[in-house]
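Working notes for the structure below.
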Amino acid sequence: MSTTSYNCTNDEQRAEGLAHAQKAIAGRQVIVMPTDTVYGIAADAFSPQAVATLLAAKGRGRNMPPPVLIPRIGTMEGLAVDIPDDARKLAEKYWPGPLTLIFHSQPTLTWDLGETKGTVALRVPDDQLALDLLTITGPLAVSSANRTGQPAAQTASEARSQLAESVEVYLEGGFRPLEGTDPTPSTIVDATGLRLRVVREGAISLEEIKRIVPSALGGDAEPELWEPANLVKDAPAEDEAEPAIDLVKSDAEIAESNADAEPAAVAEPAEDTVEDAEPAEGDAKP
């Protein structure tokens, strides 16, 4: 594979880089792009082959599925189901921005992000280059652009030193978030239960989340089984079983459990040392 880097602070190279990145994504290759948190390695979210290439480039298994970046709030409707009103409030307040929301995945979609247990983690990044790319490619599976266990890349050149020829296009946009600052992970909120639950505090604190959604739970609270509202009101307490969420450190990961009937587990995105997710043993999620 030939690898090309583009300096996207230059208008001409930016245009060329976006066009090449779009072509690479369409060809089921992976690219490196900036986000508002760190640099991410990205692939077509609807191509199992491309997602497998992304995971292989990072040295990561299917048990650490990547989150999905989207260009606008409206895209959420086509990728997720049973979206709570409280989650919409957070999306309207913090998107674009460092907030990752976990939903039940739209069952009609033919994608394979890994062992997601029927969930998908979505985010709209607050980065114009990323948004421009997402607008022409559609949803992208994105994880921090580094080998698992290594520091998150804050420039495309740092990412290239780790990922080398496994990536077809590197889009260089300067330091993310800023030169001299440490990457900060996105905050991850599980919206698949009866109440929203902050499973990882990042750039947005639990206190800030609770200002918008007072009923939101912290990461130390027991997860609750999600059920449609018309069923929940009649459900006995023992049926509100608790899903087990398994946080995959820093750029995250999740799993679930229950006593009688085991509810579908929630798999969280793997955002390595900043986010998308992002610090699990040195990793970060854009």
Side-chain angles (χ1 to χ4, degrees), residues 1-47 49-51 53-54 57-58 66-75 95-98 123-147 150-184 186 271-278 284-286:
M1 177 195 299
S2 61
T3 294
T4 308
S5 294
Y6 295 90
N7 176 9
C8 294
T9 62
N10 173 284
D11 289 343
E12 184 176 346
Q13 286 201 38
R14 187 182 194 277
E16 293 176 358
L18 285 171
H20 191 172
Q22 180 185 25
K23 182 179 178 180
I25 292 295
R28 301 185 181 86
Q29 300 300 322
V30 296
I31 63 110
V32 161
M33 59 186 279
T35 76
D36 47 342
T37 54
V38 290
Y39 274 72
I41 179 172
D44 181 358
F46 298 103
S47 169
Q49 176 186 327
V51 173
T53 299
L54 182 158
K58 284 185 62 71
V68 174
L69 296 190
I70 56 178
R72 61 189 67 85
I73 292 179
T75 308
W95 281 358
R123 188 165 88 86
V124 180
D126 188 13
D127 185 281
Q128 194 56 55
L129 183 59
L131 292 174
D132 288 348
L133 179 63
L134 289 162
T135 297
I136 60 177
T137 62
L140 295 176
V142 182
S143 185
S144 57
N146 57 282
R147 293 283 297 177
Q150 297 301 310
Q154 291 187 265
T155 65
S157 60
E158 286 181 7
R160 188 166 185 171
S161 69
Q162 296 187 51
L163 302 173
E165 302 300 312
S166 63
V167 171
E168 181 166 333
V169 176
Y170 288 87
L171 300 178
E172 179 64 79
F175 277 86
R176 294 294 190 278
L178 293 171
E179 186 172 7
T181 62
D182 293 327
T184 301
S186 66
E271 301 183 85
D272 301 333
T273 309
V274 51
E275 183 254 285
D276 167 80
E278 308 174 347
K285 168 182 179 185

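These numbers come from the heavy atoms of this one structure, side chains and all, not from hydrogens, waters or symmetry mates. Fair warning: this is a prediction, and the values are worked out from it, not measured in the lab.
Between the side chains of E165 and T3, at least one donor N or O lies within less than 3.5 Å of an accepting N or O. Judged by distance alone, the side chains of R160 and S5 do bring a donor and an acceptor atom under 3.5 Å apart.
Taking 4.5 Å as the limit, some side-chain heavy atom of Y6 sits within range of a side-chain heavy atom of V169. The side-chain heavy atoms of E172 and Y39, taken from C-beta on, include a pair separated by under 4.5 Å. Residues L178 and Q154 are not in side-chain contact: their nearest non-hydrogen atoms beyond the backbone lie 4.5 Å or more apart. Side-chain contact between E158 and L163 is absent, with no heavy atoms from C-beta onward closer than 4.5 Å. Proximity of I41 to V142: side-chain heavy atoms (C-beta onward) are nowhere separated by under 4.5 Å. Using a 4.5 Å heavy-atom threshold, the side chains of I25 and S47 count as separate. Contact of the V32 side chain with the L171 side chain is not registered, since no non-hydrogen atoms from C-beta on lie closer than 4.5 Å. Put simply, the side chain of T37 does not reach to within 4.5 Å of the side chain of P183, judged on heavy atoms.
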Quick one: do E16 and T4 satisfy side chain to side chain contact (heavy atoms under 4.5 Å, CB included)? Show the steps, please.
CA-CA 11 Å; E16 293 176 358; T4 308; over 6 Å; no
Go through the steps to decide whether L133 and I31 satisfy the test side chain to side chain contact (heavy atoms under 4.5 Å, CB included), and finish with yes or no.
CA-CA 11 Å; L133 179 63; I31 63 110; 3.5 Å; yes
Test log, rule side chain to side chain contact (heavy atoms under 4.5 Å, CB included), inputs L129 and R14:
CA-CA 9 Å; L129 183 59; R14 187 182 194 277; 3.7 Å; yes
Stepwise side chain to side chain contact (heavy atoms under 4.5 Å, CB included) test for V68 and L140:
CA-CA 5 Å; V68 174; L140 295 176; over 6 Å; no
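For A43 against V51, the heavy-atom pair with the smallest separation is CB-N, 4.2 Å. Shortest non-hydrogen contact noted between G97 and R123 is O-NH1, 2.8 Å. Of all heavy-atom pairs between A141 and A45, the closest is N-CB, 3.7 Å. Closest non-hydrogen pair, P96 versus L131, comes out as CG-CD1, 4.5 Å. Nearest heavy atom pair, residue T35 against residue P125, reads CB-CB, 4.5 Å. Y170 and A164 make their closest contact through OH-O, 2.7 Å (heavy atoms, listed as atom of the first residue, atom of the second, distance).
By the 6.0 Å contact criterion, CZ on R28 is open, its count of non-hydrogen atoms from other residues, nucleotides or ligands being 12 or less.
Atom CG of L18 and atom OG1 of T135 lie 10.0 Å apart (nearest 0.5 Å). Rounding to the nearest 0.5 Å places CG of L134 at 9.0 Å from CZ of R72.
Remark: the backbone N or O of A57 is paired with a side-chain donor or acceptor of R147 at under 3.5 angstrom. Here the side chain of Q150 pairs no donor or acceptor atom with the backbone of Q162 at under 3.5 angstrom. Remark: the backbone N or O of D126 is paired with a side-chain donor or acceptor of D36 at under 3.5 angstrom. Of the possible donor and acceptor atoms, none in the side chain of K58 sits under 3.5 Å from a partner among the backbone N and O of S143. In this structure, the side chain of E168 does not engage the main chain of Q29 through any donor-acceptor pair within 3.5 Å.
The existence of a salt bridge linking R176 and D127 is confirmed by a sub-4.0 Å separation between a basic side-chain nitrogen and an acidic carboxylate oxygen.
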